[in-house]
Novice: 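Below you will find the structure I want to go over with you.
As a basis for the values below, the full set of heavy atoms in this structure was taken, side chains included, without hydrogen atoms, waters or symmetry mates. Chain letters run A, B, ... following the sequence lines, proteins first, then strands; residues in each count from 1.
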Amino acid sequence: MSDAPQQSTGFDDRVRLAVYRSFVKTAQPPHPDELARQVNATPEQVRASYGRLADAHVLVVQPQSPFVRMEMPFSAVVTDYEVLDGSTRYHANCAWDAFGVVAVLGRDATVRCRCADCGERVAFRIEHNKLEPGDGLIHFVVPAHRWWDDIIFT
Amino acid sequence: MQYFRSEIHLSRWLERSGIAYGQVVGVPTVWELARAWYAGRLSPSWSRRTAPESQNILAKVGLTHEFWNLIALDHGQRTG
(Lines give C-alpha, C1' and ligand atoms only; values in the text may rest on other atoms or scores of the structure.)
Protein backbone atom coordinates (compact mmCIF):
# COMPACT_ATOMS: atom_id res chain seq x y z
CA MET A 1 0.00 0.00 0.00
CA SER A 2 2.90 2.32 0.49
CA ASP A 3 3.17 2.90 -3.26
CA ALA A 4 -0.42 4.12 -3.63
CA PRO A 5 -0.39 7.71 -4.82
CA GLN A 6 -1.55 10.27 -2.29
CA GLN A 7 -2.35 13.20 -4.59
CA SER A 8 -2.72 12.03 -8.12
CA THR A 9 -5.28 12.65 -10.79
CA GLY A 10 -4.83 9.03 -11.85
CA PHE A 11 -5.57 7.82 -8.35
CA ASP A 12 -8.60 10.08 -8.05
CA ASP A 13 -9.84 8.80 -11.41
CA ARG A 14 -9.61 5.24 -10.12
CA VAL A 15 -11.55 6.19 -7.00
CA ARG A 16 -14.14 8.08 -9.06
CA LEU A 17 -14.65 5.12 -11.38
CA ALA A 18 -14.78 2.58 -8.55
CA VAL A 19 -17.55 4.57 -6.86
CA TYR A 20 -19.47 4.82 -10.15
CA ARG A 21 -19.09 1.09 -10.82
CA SER A 22 -20.38 0.30 -7.36
CA PHE A 23 -23.40 2.56 -7.89
CA VAL A 24 -24.12 0.93 -11.26
CA LYS A 25 -23.77 -2.59 -9.89
CA THR A 26 -25.44 -2.23 -6.49
CA ALA A 27 -27.16 1.20 -6.48
CA GLN A 28 -24.92 2.12 -3.55
CA PRO A 29 -21.40 3.50 -3.16
CA PRO A 30 -18.74 1.14 -1.81
CA HIS A 31 -17.78 1.11 1.85
CA PRO A 32 -14.64 3.25 2.11
CA ASP A 33 -12.63 0.33 3.56
CA GLU A 34 -13.70 -1.94 0.71
CA LEU A 35 -12.85 0.75 -1.82
CA ALA A 36 -9.42 1.20 -0.23
CA ARG A 37 -8.70 -2.47 -0.80
CA GLN A 38 -9.93 -2.25 -4.39
CA VAL A 39 -7.61 0.61 -5.27
CA ASN A 40 -4.70 -0.65 -3.15
CA ALA A 41 -4.71 2.33 -0.84
CA THR A 42 -5.41 3.14 2.77
CA PRO A 43 -8.81 4.39 4.00
CA GLU A 44 -7.09 7.70 4.74
CA GLN A 45 -5.93 7.98 1.14
CA VAL A 46 -9.47 7.22 -0.06
CA ARG A 47 -10.88 9.89 2.26
CA ALA A 48 -8.35 12.38 0.93
CA SER A 49 -9.36 11.48 -2.61
CA TYR A 50 -13.04 11.95 -1.71
CA GLY A 51 -12.12 15.40 -0.47
CA ARG A 52 -10.45 16.33 -3.74
CA LEU A 53 -13.32 14.87 -5.78
CA ALA A 54 -15.79 16.83 -3.64
CA ASP A 55 -13.81 20.02 -4.21
CA ALA A 56 -14.01 19.23 -7.92
CA HIS A 57 -17.82 18.78 -7.70
CA VAL A 58 -17.64 15.13 -8.76
CA LEU A 59 -19.13 13.72 -5.58
CA VAL A 60 -20.54 14.77 -2.20
CA VAL A 61 -19.55 13.17 1.10
CA GLN A 62 -22.17 12.78 3.80
CA PRO A 63 -21.37 15.46 6.42
CA GLN A 64 -19.45 14.16 9.46
CA SER A 65 -18.98 10.75 7.89
CA PRO A 66 -16.59 8.90 5.57
CA PHE A 67 -19.43 7.85 3.24
CA VAL A 68 -20.32 9.10 -0.23
CA ARG A 69 -23.80 10.62 -0.36
CA MET A 70 -23.85 11.55 -4.05
CA GLU A 71 -21.80 10.82 -7.10
CA MET A 72 -23.78 12.70 -9.69
CA PRO A 73 -26.34 11.62 -10.79
CA PHE A 74 -26.57 8.80 -8.21
CA SER A 75 -27.79 9.20 -4.64
CA ALA A 76 -26.88 6.91 -1.76
CA VAL A 77 -29.94 8.02 0.16
CA VAL A 78 -33.57 7.34 -0.68
CA THR A 79 -35.23 10.14 -2.63
CA ASP A 80 -38.47 10.77 -4.53
CA TYR A 81 -36.61 10.11 -7.79
CA GLU A 82 -36.07 6.47 -8.69
CA VAL A 83 -34.80 4.60 -11.70
CA LEU A 84 -35.96 1.04 -12.16
CA ASP A 85 -33.75 -1.25 -14.20
CA GLY A 86 -34.87 -4.86 -13.95
CA SER A 87 -34.69 -5.75 -10.28
CA THR A 88 -32.41 -2.84 -9.39
CA ARG A 89 -33.80 0.39 -7.96
CA TYR A 90 -31.50 3.39 -8.15
CA HIS A 91 -32.05 6.69 -6.39
CA ALA A 92 -31.19 10.04 -7.94
CA ASN A 93 -30.59 13.44 -6.40
CA CYS A 94 -33.35 15.23 -8.30
CA ALA A 95 -35.58 14.95 -11.34
CA TRP A 96 -32.76 15.90 -13.72
CA ASP A 97 -30.44 13.35 -12.14
CA ALA A 98 -33.05 10.60 -12.42
CA PHE A 99 -32.82 10.96 -16.19
CA GLY A 100 -29.06 11.25 -15.76
CA VAL A 101 -28.97 7.81 -14.12
CA VAL A 102 -30.63 6.35 -17.22
CA ALA A 103 -28.07 8.16 -19.39
CA VAL A 104 -25.17 6.78 -17.34
CA LEU A 105 -26.58 3.24 -17.32
CA GLY A 106 -27.01 3.43 -21.10
CA ARG A 107 -29.89 0.99 -21.21
CA ASP A 108 -33.67 0.92 -21.16
CA ALA A 109 -35.10 1.92 -17.79
CA THR A 110 -38.04 3.59 -16.08
CA VAL A 111 -37.83 6.88 -14.18
CA ARG A 112 -40.32 7.24 -11.35
CA CYS A 113 -40.94 10.71 -9.94
CA ARG A 114 -43.24 11.84 -7.17
CA CYS A 115 -45.06 15.13 -7.74
CA ALA A 116 -43.69 17.55 -5.15
CA ASP A 117 -47.19 18.98 -4.68
CA CYS A 118 -49.58 16.04 -4.47
CA GLY A 119 -47.19 13.12 -4.03
CA GLU A 120 -48.61 11.11 -6.92
CA ARG A 121 -46.09 8.87 -8.64
CA VAL A 122 -45.54 9.23 -12.37
CA ALA A 123 -43.40 6.95 -14.52
CA PHE A 124 -41.42 7.74 -17.65
CA ARG A 125 -40.18 4.89 -19.79
CA ILE A 126 -37.02 5.29 -21.85
CA GLU A 127 -36.24 2.73 -24.53
CA HIS A 128 -33.44 2.90 -27.08
CA ASN A 129 -32.65 6.40 -25.82
CA LYS A 130 -36.17 7.57 -26.62
CA LEU A 131 -38.42 9.02 -23.95
CA GLU A 132 -41.99 7.85 -24.18
CA PRO A 133 -44.52 10.70 -23.95
CA GLY A 134 -45.66 11.71 -20.50
CA ASP A 135 -47.10 14.63 -18.58
CA GLY A 136 -45.53 17.06 -16.19
CA LEU A 137 -42.70 19.54 -15.84
CA ILE A 138 -39.56 20.10 -13.86
CA HIS A 139 -39.05 23.24 -11.80
CA PHE A 140 -35.56 24.59 -11.12
CA VAL A 141 -35.44 26.82 -8.05
CA VAL A 142 -31.77 27.74 -7.88
CA PRO A 143 -30.07 29.75 -10.66
CA ALA A 144 -27.29 27.82 -12.38
CA HIS A 145 -24.42 29.86 -10.99
CA ARG A 146 -25.53 28.99 -7.45
CA TRP A 147 -26.14 25.25 -7.86
CA TRP A 148 -23.05 24.36 -5.82
CA ASP A 149 -23.67 26.88 -3.01
CA ASP A 150 -25.77 24.14 -1.35
CA ILE A 151 -25.88 21.16 -3.66
CA ILE A 152 -28.07 19.10 -1.34
CA PHE A 153 -30.77 21.81 -1.43
CA THR A 154 -30.28 22.30 -5.16
CA MET B 1 -35.03 20.23 -9.45
CA GLN B 2 -38.46 18.90 -8.65
CA TYR B 3 -41.14 17.22 -10.70
CA PHE B 4 -44.71 18.54 -10.85
CA ARG B 5 -47.66 17.04 -12.67
CA SER B 6 -48.69 20.43 -14.06
CA GLU B 7 -48.37 24.21 -13.66
CA ILE B 8 -51.36 24.08 -11.33
CA HIS B 9 -49.51 21.70 -9.02
CA LEU B 10 -46.39 23.87 -9.20
CA SER B 11 -48.35 27.04 -8.37
CA ARG B 12 -49.99 25.37 -5.41
CA TRP B 13 -46.62 24.15 -4.09
CA LEU B 14 -44.95 27.55 -4.57
CA GLU B 15 -47.72 29.24 -2.61
CA ARG B 16 -47.53 26.69 0.16
CA SER B 17 -43.73 26.58 0.42
CA GLY B 18 -43.05 30.29 -0.04
CA ILE B 19 -40.30 29.43 -2.53
CA ALA B 20 -39.90 31.78 -5.48
CA TYR B 21 -40.64 30.67 -9.03
CA GLY B 22 -37.46 29.73 -10.88
CA GLN B 23 -37.56 28.16 -14.32
CA VAL B 24 -39.75 25.41 -15.73
CA VAL B 25 -38.42 22.85 -18.18
CA GLY B 26 -40.34 20.13 -20.01
CA VAL B 27 -39.48 16.52 -19.32
CA PRO B 28 -38.22 15.81 -22.89
CA THR B 29 -35.77 18.72 -22.60
CA VAL B 30 -34.51 17.46 -19.24
CA TRP B 31 -33.95 14.03 -20.78
CA GLU B 32 -31.91 15.57 -23.61
CA LEU B 33 -30.00 17.68 -21.11
CA ALA B 34 -29.28 14.65 -18.91
CA ARG B 35 -27.99 12.65 -21.87
CA ALA B 36 -25.54 15.35 -22.85
CA TRP B 37 -24.55 16.37 -19.31
CA TYR B 38 -23.79 12.86 -18.08
CA ALA B 39 -22.30 11.43 -21.26
CA GLY B 40 -19.14 9.41 -20.74
CA ARG B 41 -19.17 9.36 -16.92
CA LEU B 42 -18.13 5.70 -16.84
CA SER B 43 -15.22 6.23 -19.18
CA PRO B 44 -11.73 6.18 -17.66
CA SER B 45 -10.85 9.07 -19.94
CA TRP B 46 -13.74 11.28 -18.79
CA SER B 47 -12.59 14.69 -17.67
CA ARG B 48 -14.43 17.60 -16.18
CA ARG B 49 -15.81 20.21 -18.49
CA THR B 50 -15.04 23.88 -18.37
CA ALA B 51 -17.89 26.22 -17.52
CA PRO B 52 -18.16 27.37 -21.17
CA GLU B 53 -18.44 23.74 -22.27
CA SER B 54 -21.23 23.15 -19.77
CA GLN B 55 -22.89 26.40 -20.82
CA ASN B 56 -22.85 25.14 -24.38
CA ILE B 57 -24.71 21.98 -23.37
CA LEU B 58 -27.40 24.07 -21.67
CA ALA B 59 -27.68 26.30 -24.73
CA LYS B 60 -27.95 23.36 -27.12
CA VAL B 61 -31.13 22.18 -25.38
CA GLY B 62 -32.52 25.72 -25.44
CA LEU B 63 -31.70 26.85 -21.90
CA THR B 64 -30.39 30.31 -22.68
CA HIS B 65 -32.17 32.54 -20.16
CA GLU B 66 -29.78 34.28 -17.72
CA PHE B 67 -31.08 31.90 -15.04
CA TRP B 68 -28.91 29.22 -16.72
CA ASN B 69 -25.76 31.31 -16.75
CA LEU B 70 -22.95 29.30 -15.18
CA ILE B 71 -20.16 31.60 -16.19
CA ALA B 72 -20.89 35.06 -14.80
CA LEU B 73 -20.05 34.22 -11.20
CA ASP B 74 -18.04 31.11 -11.90
CA HIS B 75 -15.10 32.84 -13.59
CA GLY B 76 -14.47 29.96 -15.94
CA GLN B 77 -14.11 27.30 -13.27
CA ARG B 78 -14.78 23.75 -14.25
CA THR B 79 -18.29 22.52 -13.59
CA GLY B 80 -20.06 19.20 -13.21
Novice: According to the interplanar angle, ranging from 0 to 90°, do the rings of A/Phe74 and A/Phe23 count as parallel (below 30°), tilted (30 to 60°) or perpendicular (above 60°)?
Specialist: parallel
Novice: Pick whichever of A/Val104, A/Leu137, A/Asp135 has the most heavy-atom pairs under 4.5 Å with chain B.
Specialist: A/Leu137
Novice: Would you call A/Arg16 and B/Trp46 a side-chain contact if the rule is heavy atoms closer than 4.5 Å?
Specialist: yes
Novice: For each of B/Ala36, B/Gly26, B/Ser43, tally heavy-atom pairs with chain A at distances under 4.5 Å, and name the one with the top tally.
Specialist: B/Ser43
Novice: Would you indicate whether the side-chain heavy atoms of A/Glu82 and A/Arg121 approach each other to under 4.5 Å?
Specialist: yes
Novice: Tell me which of these, A/Ala103, A/Gly100, A/Pro73, has more heavy-atom pairs under 4.5 Å with chain B than the rest.
Specialist: A/Pro73
Novice: Which bit of B/Ser17 comes within less than 4.5 Å of chain A, counting heavy atoms only: side chain, backbone, both or neither?
Specialist: neither
Novice: Quick one: sort the A/Phe140 and A/Trp96 rings into parallel, tilted or perpendicular, breaks at 30° and 60°.
Specialist: tilted
Novice: Do the charged groups of A/Asp85 and A/Arg107 touch, with an N to O distance under 4.0 Å?
Specialist: yes
Novice: Out of A/Ala116, A/Cys113, A/Ala95, return the one with the most heavy atom pairs under 4.5 angstrom to chain B.
Specialist: A/Ala116
Novice: Checking A/Asn129 against chain B: side chain, backbone, both or neither under 4.5 Å from a heavy atom?
Specialist: both
Novice: What option among A/Arg21, A/His139, A/Met72, A/Glu71 has the most heavy-atom pairs under 4.5 Å with chain B?
Specialist: A/His139
Novice: So with a 6.0 Å cut-off around CD of A/Glu132, is the heavy-atom count from everything else above 12?
Specialist: yes
Novice: Select one option (side chain, backbone, both, neither) describing which atoms of A/Leu17 are under 4.5 Å from chain B's heavy atoms.
Specialist: side chain
Novice: Do the charged groups of A/Glu120 and A/Arg114 touch, with an N to O distance under 4.0 Å?
Specialist: no
Novice: Checking B/Glu7 against chain A: side chain, backbone, both or neither under 4.5 Å from a heavy atom?
Specialist: both
Novice: Relative to chain A, which of B/Glu32, B/Arg12, B/Glu66 shows the most heavy atom pairs under 4.5 Å?
Specialist: B/Arg12
Novice: Identify which part of A/Val24 has an atom lying under 4.5 Å from any heavy atom of chain B, answering side chain, backbone, both or neither.
Specialist: side chain
Novice: Select one option (side chain, backbone, both, neither) describing which atoms of B/Leu14 are under 4.5 Å from chain A's heavy atoms.
Specialist: side chain
Novice: Is a side-chain donor-acceptor pair under 3.5 Å present for B/Tyr3 with A/Asp80?
Specialist: no
